Amino acid sequence: MKKVFIISGAGLSAESGLRTFRDSDGLWEEHDVMEVCSVEGWQRDRVKVSGFYNLRREQLKSAEPNEAHFALARIEKKYRGRVWNLTQNVDDLLERAGCQDVIHLHGTLRDLRCEKCKTIWDIFYGSQEGEICPKCRTSDVRHNVVMFGEPAPMYSYIHKALIESGLFVAIGTSGAVIDIANLADKSKKSILLNPKRESYAWGGYIDDYFDLFIQKNATDGAKELEEEIDRFMS
Ligand code: APR
């Protein structure tokens, strides 16, 4: 049975108004990533890190899914059970577009996690101020977003998705954290959707490793991508 493996990154949500990380106007231009997205930074200043996630959660409230999110929701629905829909994004725009099978590799911005009993609960777009664990009542709670320096357990799905799928698709990611060129190299067929040619750490460009490079913004390239996936899955 033909399956498709999709990995998306911050570029998928860029046209919904959510900043990416490494673009010129990205989050890492304004914040020291190791201060707000690392275990050391969290241990050093919990208030600062919680404030960073509170702000992003608040911004998410006014963001709307874009055509690329809806295209992925149509793909999921058309090929239920045959789509590995993995995202590095912590926003809920894929779910709000109608996706039901999203695997969040780096966690979820709307959720908090108890540092004692590991309970996870949804606070929607609110602030984490004053939140206590609904199960064990401790105030030792944190954002449910994976930080640099800690494990990302959902990564185990990457290998499973790769070996099960005949088509690998990467949308709106720089490849700075997940080596999408390597995943493309290991796939029978691969498609990249990104407006920019990203250089590859080992030389050349990441798009050199993909069979098809749709060099467009996610919303402009979504229709062509959907047609290519339909062609593969038929
Ligand atoms: N449509 C598609 N892609 C876009 C768009 C757009 N409108 N705008 C920007 N992009 C692309 C950029 O060209 C870039 O390749 O999105 C990518 C964003 O790259 P990053 O900011 O590095 O985001 P991402 O790849 O998701 O980062 C991976 O790094 O900081 C960590 O945990 C964080 O999940 C994140 C991970």
Side-chain angles (χ1 to χ4, degrees), residues 6-42 49 52-53 56-57 59-60 63-72 85-94 97 102-109 111 142-155 157-158 168-184 191-201 204-210 212-226:
I6 301 166
I7 281 194
S8 52
L12 174 68
S13 299
E15 291 160 273
S16 295
L18 298 183
R19 293 163 73 179
T20 63
F21 296 95
R22 297 174 181 81
D23 286 324
S24 53
D25 59 348
L27 282 166
W28 298 155
E29 292 276 300
E30 196 178 302
H31 300 274
D32 173 340
V33 57
M34 298 319 276
E35 279 186 15
V36 291
C37 200
S38 75
V39 173
E40 298 78 17
W42 171 240
V49 174
F52 173 69
Y53 289 104
R56 289 178 65 195
R57 208 173 288 118
Q59 288 165 344
L60 179 54
E64 291 296 329
N66 63 53
E67 177 42 36
H69 295 107
F70 288 113
L72 292 186
N85 189 1
L86 279 62
T87 186
Q88 298 171 88
N89 297 342
V90 294
D91 65 56
D92 62 350
L93 297 179
L94 282 165
V102 185
I103 291 175
H104 286 274
L105 297 168
H106 294 162
T108 48
L109 186 56
D111 296 321
R142 55 163 281 179
H143 47 285
N144 188 43
V145 175
V146 177
M147 297 186 285
F148 287 104
E150 60 184 357
M154 305 305 257
Y155 273 42
Y157 286 105
I158 294 176
F168 171 59
V169 176
I171 306 172
T173 177
S174 62
V177 172
I178 293 180
D179 188 349
I180 54 169
N182 182 41
L183 293 173
I191 303 173
L192 178 66
L193 173 53
N194 194 320
K196 184 178 152 198
R197 293 198 77 187
E198 292 284 6
S199 51
Y200 192 38
Y205 292 95
I206 287 178
D207 56 85
D208 296 335
Y209 293 80
F210 283 78
L212 173 64
F213 178 31
I214 304 173
Q215 190 169 1
K216 291 179 181 170
N217 281 337
T219 58
D220 298 329
K223 190 169 178 325
E224 181 181 351
L225 175 63
E226 191 171 355

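Being a predicted model, the structure only gives us computed values, none of them experimental. Atoms within a ligand are numbered from 1 in the order they appear, just like the ligands themselves.
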*Asks:* What does the 4.0 Å heavy-atom contact list look like for ligand 1?
*Replies:*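 Ligand 1 pocket, heavy atoms under 4.0 Å: Gly9, Ala10, Gly11, Ala14, Glu15, Thr20, Phe21, Arg22, Asp23, Trp28, Gln88, His106, Phe148, Gly172, Thr173, Ser174, Val177, Asn194, Pro195, Lys196, Glu198, Asn217, Ala218.
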*Asks:* Any salt bridge between Asp92 and Arg57, counting N to O under 4.0 Å?
*Replies:*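 Answer for the salt bridge query: no.
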*Asks:* Sequence neighbours excluded, which residues qualify as ring-ring contact (aromatic ring centres under 6.0 Å, His included) partners of Phe213?
*Replies:*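 Residues passing ring-ring contact (aromatic ring centres under 6.0 Å, His included) with Phe213: none at all.
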*Asks:* Can you name the residues that form a side chain to side chain donor-acceptor pair (under 3.5 Å) with Arg22, not counting sequence neighbours?
*Replies:*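 Once residues adjacent in sequence are excluded, Arg22 has no partner under the side chain to side chain donor-acceptor pair (under 3.5 Å) criterion.
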*Asks:* Under the salt bridge (charged side-chain N to carboxylate O under 4.0 Å, His left out) rule, collect the residues that match up with Arg19, sequence neighbours excluded.
*Replies:*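 Partners of Arg19 by the salt bridge (charged side-chain N to carboxylate O under 4.0 Å, His left out) criterion, ordered by chain and then number, come out as Glu30.
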*Asks:* Could Arg142 and Glu150 be called an ion pair, given the rule that one side-chain N must be under 4.0 Å from one carboxylate O?
*Replies:*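 Yes.
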*Asks:* Taking atom OH as the centre, does Tyr155 end up with more than 12 heavy-atom neighbours from other residues, nucleotides or ligands that are less than 6.0 angstrom away?
*Replies:*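 Yes, OH of Tyr155 has more than 12 neighbouring heavy atoms, counting only those of other groups under 6.0 Å.
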